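In this text the structure is predicted, and so the values were computed from the model without any measurement. Both ligands and their constituent atoms are indexed starting at 1 by order of listing. For the single chain, residues carry numbers from 1 onward in sequence order.
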Amino acid sequence: MNTAAQSAGVLSFDEAYEVVREHCRKAAAVTDRASEEVLLMQARGRVLAAPISADRNFPPFARATRDGFAVRTDDLASGVTTLRVVGQVKAGDTYDLPVMSGEAVEIMTGAAVPPGADAVVMVEYTERKSFPEIDRKGREGTHKESESREVIEGDDRILDISGYEKPRPAEKLTEDFVEIQRVAMAGENIVPPGAEAREGQELLPRGARLGAAQIALAAAAGKASLKVYRKPKVAILSTGDELVEVAEKPGPSQIRNSNSYSLAALVAECGGEAVQLPIAPDEEGKLTELIQEGLKADMLLLSGGVSMGKFDLVEQTLNSLGAQFFFTGALIQPGKPVVFGEVGSIPFFGLPGNPVSVMVTFELFARQMVEALSGAEPSRLKSASARLRKDFKTKTGLTRFLPAMLDGGLHDPEVDVVPWQGSGDMMAAARANCYLVVPPNREKLAKGEMVTVVMR
Ligand code: AMP
Ligand code: MG
């Protein structure tokens, strides 16, 4: 091994993670990144290159959040109250007539609350009272005590309207009443205009990754297209004399190159553009040529050739190209020989060739660099706690990230390691949905204890 690589050394997982994170922060802070304008749906998974702000108040009007009746809370002070229903407003309607004392307007979720009303009482707490036989004189302008009594025999609660003698404009009169069975607080079931965001306020910052919620926000703000950063090009170079391409027929001692594909899929998943290079043999001349090709991208991922074997030539080749190494191993399993460094300003990761190691080390280290180069704040590892389903024994010294299956309910999720034949077992990786984290000081984990998993 070369001296530069040797001096970089083997770090604990935590140290290695922090070293990568530090470099990611620097990479993410670069602001003169190329950007492009794309249609809203093409922006999914991309990173905003310019902030989006609210073109109007969110919500633009006082929005009812329930189906029910828009009322004046002062009217309800005495508990069960009967109010005259003077209109109906559904989502999309413009209803300008003020709600006066003693009145209610039937309202639907998403509708603009009429002026004068200061609460919406949920329909569940109301009872509609219709009086089809009401004296037509009621339409003339007053609604008298005697009339209401006549109509709903035996129901004392209607007395609440008995004092209601205010002249009404003819078009507002109805024979409809509603019994409000609860007192309401001012503002109940109403989101005031601008409560979520004021006109001009920033809705999403530059650097926001565009998932479903962010796309919805952009749509709500009228953005049919968005300015996003160009995807970083991530070159992928698999090394190894034993490898053949997927479409080729492998000889008896050969295997197909699967790592270029797992890596390309992972790169695409976190917002990069994968550039798959041809397989590099374990021979310095050709390897140098292909690494140089890879360094034309924004980042280089190498698979294989970083262990201590006689034909593991990746580190020395990188070194001869002027690489600076930040670490040349991490105390983890799988993936211990992982290396991280840069040539000029281009970051590279040398990932151990075992198919599970390559995926684990990508997840632990390389993912955040792809995110940083796409202009996003690099995310931390997504971890969760779960109950271990079976006892687990191992050796101390390494932080382990073992293919595992997290399942069970919302309230007490359980996790179990997936049986595997070691770091080369792709079947195990394909059966897993997370990695069980075993801290370096633990020899065994007991069934039933709460353990950490890293989601993937
Ligand atoms: P290496 O890191 O080069 O020592 O490789 C470790 C193991 O991973 C060996 O069994 C390799 O055959 C296997 N391997 C290396 N590269 C790949 C690849 N691109 N696809 C599948 N397996 C690989
Ligand atoms: Mg190899």
Side-chain angles (χ1 to χ4, degrees), residues 1-2 5 8 10 16 234-269 272 274-291 293-294 297 299-320 323 325 327-341 348-366 398 400-403 420-432:
M1 206 195 293
N2 64 83
V10 176
V234 181
I236 295 169
L237 179 57
S238 282
T239 72
D241 282 342
E242 74 279 32
L243 303 177
V244 299
E245 282 304 357
V246 175
E248 284 173 47
K249 191 173 160 49
S253 321
Q254 291 181 314
I255 58 168
R256 295 191 184 91
N257 168 21
S258 60
N259 287 350
S260 286
Y261 293 87
S262 57
L263 288 174
L266 286 163
V267 164
E269 216 175 75
V275 181
Q276 290 189 43
L277 296 172
I279 295 164
D282 295 319
E283 181 268 304
E284 217 176 331
K286 188 70 186 158
L287 186 58
T288 306
E289 221 174 88
L290 285 165
I291 289 179
E293 187 62 31
M299 169 176 169
L300 171 61
L301 291 174
L302 297 120
S303 135
V306 287
S307 309
M308 300 300 276
K310 195 168 170 192
F311 297 98
D312 290 326
L313 304 173
V314 165
E315 279 171 64
Q316 72 185 56
T317 309
L318 282 163
N319 195 53
S320 66
F325 290 86
F327 58 78
T328 51
L331 296 173
I332 57 173
Q333 195 239 348
K336 189 163 171 251
V338 60
V339 306
F340 169 47
F348 65 80
F349 289 89
L351 309 176
N354 267 312
V356 183
S357 311
V358 95
M359 287 185 256
V360 169
T361 47
F362 179 92
E363 211 59 62
L364 298 179
F365 303 116
L398 301 175
R400 290 169 210 270
F401 299 89
L402 308 175
W420 69 331
Q421 305 299 318
S423 317
D425 191 344
M426 270 180 279
M427 295 281 286
R431 281 197 302 269

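- Here salt bridge (Lys or Arg N to Asp or Glu O under 4.0 Å) pairs that include residues 278-287, with residues two or more places apart or in two chains, are Lys286-Glu289.
- Note: Phe348 and Phe325 have perpendicular aromatic rings, judged against thresholds of 30 and 60 degrees for the angle between ring planes.
- The two atoms that bring Ser303 and Gly353 nearest to each other are OG-CA, 4.1 Å, heavy atoms only.
- Across Ala429 and Val356, no two heavy atoms sit closer than the pair CB-CG2, 4.1 Å.
- Side chains of Leu301 and Leu237 form no contact here, defined as non-hydrogen atoms less than 4.5 Å apart.
- With contacts defined as side-chain heavy-atom distances shorter than 4.5 Å, the pair Val246/Asn257 does not qualify.
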Write none if no such pair exists; otherwise list each N/O atom of ligand 1 with its protein N/O partner under 3.5 Å and the distance.
from     : atom 1 : to     : atom 2 : distance (Å)
ligand 1 : 2 (O)  : Gly353 : N      : 2.8
ligand 1 : 3 (O)  : Gly305 : N      : 2.9
ligand 1 : 8 (O)  : Gly353 : O      : 3.1
ligand 1 : 8 (O)  : Asn354 : N      : 3.2
ligand 1 : 12 (O) : Glu242 : OE2    : 2.5
ligand 1 : 14 (N) : Gly353 : O      : 3.2
ligand 1 : 19 (N) : Ser238 : OG     : 3.3
ligand 1 : 19 (N) : Asn257 : OD1    : 2.9
ligand 1 : 20 (N) : Ser258 : N      : 3.1
ligand 1 : 20 (N) : Asn259 : N      : 3.3

